[in-house]
Number of protein chains: 4
Amino acid sequence: MSRRPDPTRRSEQSRQAIVSAAVDLCVEIGYAATTIEAIAARAGVGKQTIYRWWPSKAAVLLEHMTRVRETQIGFPDTGDLRVDLLAQTSAVQGLFASDTGAVWRGLLIAALSDDVAADGVRTLLQAAVVEAKGRLATAQKTGELRADVDLDMVVEIIYGPLYHAWLLTGRPLPEAYMEEVLSSVFDGLRP
Amino acid sequence: MSRRPDPTRRSEQSRQAIVSAAVDLCVEIGYAATTIEAIAARAGVGKQTIYRWWPSKAAVLLEHMTRVRETQIGFPDTGDLRVDLLAQTSAVQGLFASDTGAVWRGLLIAALSDDVAADGVRTLLQAAVVEAKGRLATAQKTGELRADVDLDMVVEIIYGPLYHAWLLTGRPLPEAYMEEVLSSVFDGLRP
Amino acid sequence: MSRRPDPTRRSEQSRQAIVSAAVDLCVEIGYAATTIEAIAARAGVGKQTIYRWWPSKAAVLLEHMTRVRETQIGFPDTGDLRVDLLAQTSAVQGLFASDTGAVWRGLLIAALSDDVAADGVRTLLQAAVVEAKGRLATAQKTGELRADVDLDMVVEIIYGPLYHAWLLTGRPLPEAYMEEVLSSVFDGLRP
Amino acid sequence: MSRRPDPTRRSEQSRQAIVSAAVDLCVEIGYAATTIEAIAARAGVGKQTIYRWWPSKAAVLLEHMTRVRETQIGFPDTGDLRVDLLAQTSAVQGLFASDTGAVWRGLLIAALSDDVAADGVRTLLQAAVVEAKGRLATAQKTGELRADVDLDMVVEIIYGPLYHAWLLTGRPLPEAYMEEVLSSVFDGLRP
DNA sequence: ATCTAATCGAGACGGTACGTCTGGTCTTCAA
DNA sequence: TTGAAGACCAGACGTACCGTCTCGATTAGAT
């Protein structure tokens, strides 16, 4: 008997209120305390309206995160790999320090804790990885990058330090952090 | 009225049963599902006995993890930095794939979710970082490592890719993963 | 802004479907489970169509009940009070055992639970009481009934046992139940 | 896995708080609005503590009602049936007007709405009926009451008017109501 | 026969309470 | 006094209906 809801009837206003409330709560009180009830209360919305359109709070936040990724963190191609990497990773570093960082942190917790949520988060992460690998593949063709390295590993070499520092160490990062990382790492990746 | 329990009357048998049960559950059903109640039931112990001696399930697992770290992952110093790094990081990679990996993953989730748990986990992590930095500092003195780099960042460059691949990407790693990473990265770190 | 709907445009088909569905559900699954949503679904009607024309489910059932009362349970006047009372109360006893009994039971529940519904139900009940008192008043004039008794009380003496047995005791009643009651009670009411 | 709770461990304090809260709410806001959540909040108790020991709110109120019946409404036997009936029914009439009346009204609603609740309520009601029938049986032996009448019916003749007036008519009753009823009815019941 | 205004079926909406589940604390009793 | 057992308060979970609202799509009455 459980019908599928009709998306054309959906209230755009509620959708935005819910996503905003979820993001705000995630920033203010953290992912764990961001309950569906709290989101509903903050958004001035019935719980059912959330359950009708999203399977979990992770899915709500994922919608925000997807939007951000699509609009804010594209990958440039100036022809100079190092410049492009620095631009993109610095943007990511900035994002980590912003509100969106709290959301992304929450989603990573969800992915680590819950296999279902992990799917969506990994999809998002893979999209970013694929984009990065695309730029790196170009660089391999132009001879800016060694042709014999596994691109997945290169991506991990570039983003791994940033994620390690942000998620695990938790130390405050200097603004030029990624510049230093690339300085140390880049020579080893050149042909 | 008795605030603190008397450690001399503590049951060593219960202590071990609790830690073992927590570790087993973490491996079998994951950190999130490893509730205090489940641990108590598996260990054949009252919940209060757990709460009396540990503030949270993270603390129980932390006790296991600390013990493992003390006994198993020393940092070698053969005089050849790259050999030592490869040995140690490969051991860590092996650990991630073992039961202890499930526990460590759980603790990292705890650290990300809960500031109190984060303290204990960070302390453990910092101990490893300090040890690594010690070996790297030696290497700087012997001229195997550039003297102008921030050692925290070097640690992140070395371990970041591994953590990224293990925690976030979730892809199956080739046995020689760390060898490839060090191959790609080491030239950039040499003086 | 249109407050009141226009009765001339009302769909008679929907009206009947709603009342029928409500009655059927009341019989089949009981008054409590007869929700507005269930009525709407059974009648193949939008919820709003119910709310537009009735203030509550009690009102829907009340419409059915009123119709039944008007058409089925008139009060006879043969000149012999006891014969008339027996005829009417036996008809009521029969009604209680029929589908309409389930509806009337539901309305009494509504009246007991909700003051607004109580108004309508009491009005209906009072109409029956007034009719009965009319017949009793005639009997007082003809000397069949003591003139010094409160007619409300007499009505309660006559119908009270039936309602008590039907609603509260719930025991299966012999067909001649009201005959026995009147036998026991009538002597006390004669002048 | 659902264990049955251990009654010896039960908190008497919570039990009383819950029953009191339920009764108070029933009096103040009516049976329908007396939700489990409201009872729990008023009693300063977790909802689970209610669900652990009672299957429904009706059961909570039933516990109160049973206690009242046991302690307050015994049936006298002075040797004069009419005096005894008047004493007992007047006490019941008084009860209907008191706080306990609101509770009893709620329980009757529950019994009418829900078959499970009906069991408990009918049991309580039957206990009262049995007691009354006992007194009436004695009266039959002493020749105060016709021997050929069904005692269940006699009980209904006596209490039916009162319940009808209280529950259904809802009119304010004169203090001497039961005296009048018995006056009108008693002659018909005498041998 | 056409237009137009309303009622219609449908169902999304903000809410309340449900009955269940789990978390961390408090209480009881045996050893 | 400890430890095992489990009842306690608290509150989030996901569901069912509430009564209101907004949609096209009939549909009946006036043009």
Side-chain angles (χ1 to χ4, degrees), chain A residues 1-11 13-15 17 33-41 43-53 55-57, chain B residues 2 5-6 8-11 13-14 17-18 33 35-38 40-41 43-53 55-57, chain C residues 2 5-11 13-14 17 33 35-41 43-53 55-57, chain D residues 1-11 13-14 17 32-38 40-41 43-53 55-57:
Chain A
M1 295 301 156
S2 60
R3 287 252 61 91
R4 195 141 296 166
D6 177 354
T8 66
R9 284 283 172 81
R10 186 169 185 183
S11 160
Q13 190 178 328
S14 294
R15 211 209 92 250
T34 301
T35 64
I36 295 275
E37 296 215 317
I39 296 172
V45 139
K47 285 200 288 176
Q48 192 58 47
T49 302
I50 301 179
Y51 285 113
R52 188 158 23 230
W53 302 110
S56 65
K57 65 174 171 174
Chain B
S2 56
D6 177 355
T8 65
R9 307 200 59 171
R10 185 171 183 183
S11 160
Q13 189 179 328
S14 292
I18 289 165
T35 63
I36 294 275
E37 297 211 317
V45 138
K47 285 200 289 178
Q48 189 57 38
T49 304
I50 301 181
Y51 284 112
R52 195 166 5 240
W53 301 110
S56 66
K57 63 174 173 175
Chain C
S2 59
D6 177 355
T8 66
R9 309 201 59 171
R10 186 172 182 183
S11 160
Q13 189 179 328
S14 293
T35 63
I36 294 274
E37 298 215 318
I39 297 171
V45 139
K47 285 200 291 176
Q48 189 58 41
T49 303
I50 301 181
Y51 285 112
R52 188 162 15 236
W53 301 109
S56 66
K57 64 173 172 174
Chain D
M1 292 301 158
S2 60
R3 286 255 59 94
R4 196 141 295 170
D6 178 353
T8 65
R9 284 283 174 81
R10 187 170 182 182
S11 160
Q13 189 179 329
S14 293
T34 301
T35 64
I36 295 274
E37 298 215 317
V45 140
K47 285 199 289 176
Q48 192 58 47
T49 302
I50 301 180
Y51 284 112
R52 185 158 24 232
W53 302 110
S56 65
K57 64 174 171 174

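Not measured: the values here are computed from a predicted model.
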If you find the nucleotide of DNA chain E closest to B:S56 and the one closest to D:K47, which residue's nucleotide is nearer the 5' end? D:K47
If you restrict it to nitrogen or oxygen atoms, what contacts under 3.5 Å exist between nucleotides 28-31 of chain F and the protein, and what is each distance?
residue, atom, partner, partner atom, Å
F:dA28, N3, C:R9, NH2, 3.3

Rounded to whole Å, how long is the line connecting atom NZ of C:K57 with atom P of F:dC17? 11 Å
Which heavy atom of B:A43 sits nearest to which heavy atom of B:A17, and what is that distance? CB-O, 3.6 Å
At less than 4.0 Å, is any side-chain N or O atom of C:R10 found next to OP1 or OP2 of E:dT7? Yes or no. no
Report the distance from atom CG of A:D6 to atom C1' of E:dA10, rounded to the nearest whole Å. 9 Å
Between CD1 on residue D:I50 and OG on residue D:S56, distance to nearest 0.5 Å: 11.0 Å
Choosing from F:dC13, F:dT22, E:dC8, which nucleotide comes nearest the side chain of C:Q48? F:dT22
In whole angstroms, the gap separating C1' of E:dC13 from CD of A:Q13 amounts to 11 Å
Please state how far atom CD1 in B:I50 lies from atom P in E:dT25, giving the value in whole angstrom units. 12 Å
If you pin B:E37 and D:P55 to their nearest nucleotides in DNA chain E, which one's is more 5'? D:P55
OP1 or OP2 of F:dA12 less than 4.0 angstrom from a side-chain nitrogen or oxygen of A:T35, does that happen here? no
Enter the distance from D:I36:CD1 to D:Q48:CD here, rounded to the nearest 0.5 Å. 11.0 Å
Calculate the interatomic distance between C:I36 atom CD1 and E:dG11 atom P; express it in whole Å. 18 Å
Judged by nearest nucleotide, the residue sitting upstream toward the 5' end of DNA chain F, B:G46 or A:T34, is B:G46
Would you name the heavy atoms of A:A40 and A:G46 that are closest together and state the gap between them? CB-C, 4.3 Å
Distance test, side-chain N/O of D:W53 to OP1/OP2 of F:dC8, below 4.0 Å: yes
Between P of F:dT2 and CD1 of B:I18, the distance in whole Å: 15 Å
For F:dC9, take OP1 and OP2 only and decide whether either is under 4.0 Å from a side-chain N or O of D:S14. yes
So does B:T49 get a side-chain nitrogen or oxygen closer than 4.0 Å to the phosphate oxygens (OP1/OP2) of F:dA4? yes
Between F:dC23 (C1') and C:R52 (CZ): distance, integer Å: 13 Å
Do A:W53 and A:R15 make a side-chain contact, defined as non-hydrogen atoms from C-beta onward lying under 4.5 Å apart? no
Give a yes/no answer on whether the side chain of B:Y51 brings an N or O atom under 4.0 Å of OP1 or OP2 in E:dG24. yes
